[in-house]
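Below, chain A is the first sequence line, B the second, and so on; all start at residue 1. The model shown is predicted, which means the values in this text are computed figures rather than measured ones.
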Amino acid sequence: MREKRGFWSRLEDIPREVLYGLLLIAFIIPMIKPIGFPVPVSPETQKWYDTIDKLPAGSVIMIDFGYSGGGEPELGPMAVAVYHHIFKRGGLKAIAMSTSIEGPLLWDKAMAEVNPSQYGAQYGVDYIHIGYIAGTETAMAAVGKDLRATTSTDYKGNPLDQYPIMEGIKDASSFDLLIVFTTGGDQSEGWVRQWVTPYKTPYLCSVLAMMKPTMLPYQKAGQIIALTSGAQAGEMEYLVKVPARGIKSADVMTLTHLLIVVYVIVGNIAYYGKKYSGG
Amino acid sequence: MDLGSVIQIWLAALFTVWIYSIAFRDNVFFKFAEHTFVGAAAGHNIVYAVDNIRRYGWTPFTQGATLYLVVFLLGLILYTRYHSKYFWLSRFPLAIMVGIGIGLSMRATVTAEFIAQIISTASLQLVGVDAWTAFSNLIFIIIVVSVVYFFVFTFPGLHGGGRAVIPKIARYGMMAAFGYAFANTVLSRFQMIFGRLDFLMSSWLPLPGAMMVLPIVLILLIYAMIPAEKRPWPKSS
């Protein structure tokens, strides 16, 4: 015979189908009818924006497009917003590589969203992708030491020498800024070890929100100029004035997190209710 | 929109719905999507692995960099681990790989992960800054010192008596850090769900027929979630 459970016991054990169902509703409502919660710009996003904005004309940026498909919904909007900024700002050269195997595919997707031609930017002149380079930290060290010895072609397999953007690019010293979008801790920390420490390359890092606590000490120690999570893409879109997926997600994130707070409160009430009422 | 893109969107949408259905209950559509994803990811990795060998090994080798022959040999020797008699040979390339990996990361680890962090903590100011910053820095220093103290296991006496308060402070500090990390993890996961839902709503549902297919997909999913013994057909999942 099934044991009769008390109110607190049932409250503590709400079926996950109900919890996920409510969560799904909390996701969908603001997507259908946006609420318009404000998107305040945090100091680190502002610092990131200012760093790119203040680069002298002709500066060369190394971009590690190192996120995986699973991290695209979070880091994709941030990467797209940053590329918009680089092209809008003008006079900068963006050389991308990938330490993630899916990187080149996702870079293509991001470029389709950015549409560089609207800013007059040309592939091989203003931006390029030199491909996925295997080895993670070994790849970073190799590219930093001698880029041409590591890879002689771009991600399409065309020789690098045919592209004007690659003129004079030899090693880490050829770059004025390092920007990393990654879903891997080995990558975000590896760049500190292989580029920031030996070559003193200024470093902007964007990681998954869950990786941020691990990377914060590097920012505090000055090894990273600005650290953002992909969840801050809305702030970047606001600064760059190109509203897209990031801003759209702000309402959803606020509402769903409020629901999680409610879940935590209900869970605690049920726990203490059960404890003090004897079940 | 070309037919290739339409097919791509339909497949991505169906697999998204099937994969997220596990949040509610296990079902055959989820299993199919999961196995397909694992197979596709393995295939993608193999293609890239072969391309890497071609780009970074074979091409330089055919252009005269004969030293790459050593690298190819080492790579092939790795596979001797599947041989019952010569498996020990695979330890040599493995040792070289581990050695290079450790050597590369160690060259800057001390500076990047110890000295820089210690300097950063030691240079926190308690005077000459505003009250809030001073308070924040003080908390930071107390937590750092107490957490380091927490992990001194050599002398058990350090964790007993009146000194037990220090590991207790460390535990609170670490719990706060774990809480912050967990909250950020929730944020990351929600961003992923948002990304997929946004894709479904912005790219899939506007396609012709999608709005009609969605309820059918959901009904089939719900039916597949019914335990095999309770549904009329099929009796096994």
Side-chain angles (χ1 to χ4, degrees), chain A residues 16-17 20-21 23-24 27-28 31-32 69-77 101-102 105 131-135 137-138 140-141 149-153 157 189-190 192-194 196-198 208-214 217-218 220-223 229-231 233 245 248-249 252-253 256-257 260, chain B residues 20 23-25 37 41 44-45 47-49 51-56 59-60 63 65 97 100-101 104-113 115-121 123-124 140 177-178 180-202 225:
Chain A
R16 66 172 180 171
E17 289 87 348
Y20 282 130
L23 193 61
L24 191 62
F27 264 102
I28 292 172
M31 288 177 82
I32 295 169
E72 199 283 331
E74 184 174 349
L75 285 166
I101 203 160
E102 293 141 274
L105 288 173
Y132 161 65
I133 300 176
E137 215 161 323
T138 322
M140 298 165 197
T150 311
T151 181
S152 54
T153 59
E189 293 178 37
V192 176
R193 288 191 287 265
Q194 302 308 330
V196 178
T197 306
L208 294 175
M210 68 173 93
M211 293 160 64
K212 219 177 156 186
T214 324
Y218 295 102
K220 208 163 175 60
Q223 293 154 304
S229 72
R245 281 188 286 163
K248 209 170 155 187
S249 75
V252 179
M253 289 306 119
T256 49
H257 278 72
I260 293 297
Chain B
Y20 274 115
F24 296 90
R25 206 168 283 180
F37 173 75
H44 183 247
N45 277 299
V47 169
Y48 260 94
D51 186 54
N52 283 331
I53 293 169
R54 189 183 57 78
R55 276 183 75 184
Y56 304 117
T59 306
Q63 286 169 352
M97 281 161 68
I100 290 172
L104 267 174
S105 59
M106 279 301 287
R107 71 168 183 166
T109 296
V110 177
T111 318
E113 287 168 21
I115 297 172
Q117 312 306 324
I118 293 167
I119 290 172
S120 157
T121 308
S123 58
L124 287 175
F140 191 94
F178 299 150
Y180 176 60
F182 177 71
N184 273 297
T185 305
V186 172
L187 178 59
S188 272
R189 299 300 181 215
F190 281 10
Q191 283 282 348
M192 286 178 197
I193 300 171
F194 168 77
R196 295 323 297 162
L197 286 175
D198 185 48
F199 166 78
L200 291 179
M201 293 172 76
S202 314
M225 285 178 196

Using a strict cut-off of less than 4.0 Å between a Lys/Arg side-chain nitrogen and an Asp/Glu carboxylate oxygen, indicate whether A/K248 and B/D198 qualify as a salt bridge. yes

What part of A/L75 gets closer than 4.5 Å to chain B, counting heavy atoms only: side chain, backbone, both or neither? neither

Answer with side chain, backbone, both or neither: which region of B/F194 has an atom nearer than 4.5 Å to a non-hydrogen atom of chain A? both

Between A/T256 and B/V186, is there a side-chain heavy-atom distance shorter than 4.5 Å? no

For B/D51, all residues meeting side chain to side chain donor-acceptor pair (under 3.5 Å), sequence neighbours excluded: B/R54

Side chain / backbone / both / neither for B/F178 at chain A, heavy atoms under 4.5 Å: neither

CZ/B/R189: more than 12 non-hydrogen atoms of other groups inside 6.0 Å: no

B/R25: what forms a side chain to side chain donor-acceptor pair (under 3.5 Å) with it, not counting sequence neighbours? A/E17

Could you tell me the separation between the CD1 atom of B/I193 and the OG atom of A/S249, rounded to the nearest 0.5 Å? 12.5 Å

For the residue pair A/Q223 and B/Q117, establish whether any side-chain heavy-atom pair is separated by less than 4.5 Å. yes

When the 4.5 angstrom heavy-atom criterion is applied to B/S202 and chain A, the contacting part is side chain

Let me know if B/I119 has heavy atoms under 4.5 Å from chain A in its side chain, its backbone, both or neither. neither

Interface moiety of B/M201 toward chain A, non-hydrogen atoms closer than 4.5 Å: side chain

Beyond-backbone contact of B/Q191 with A/P77, side-chain heavy atoms, under 4.5 angstrom: no

Part of B/A177 within contact of chain A (heavy atom distance under 4.5 Å): neither

Taking B/S188 for its side chain and A/M210 for its backbone only, find out whether a donor-acceptor pair lies under 3.5 Å. yes

Within-4.5 Å side-chain heavy-atom neighbours: A/P213 and B/N184: yes

Are A/Y132 and B/N52 packed together at the side-chain level, in the sense that at least one heavy-atom pair is separated by less than 4.5 angstrom? yes

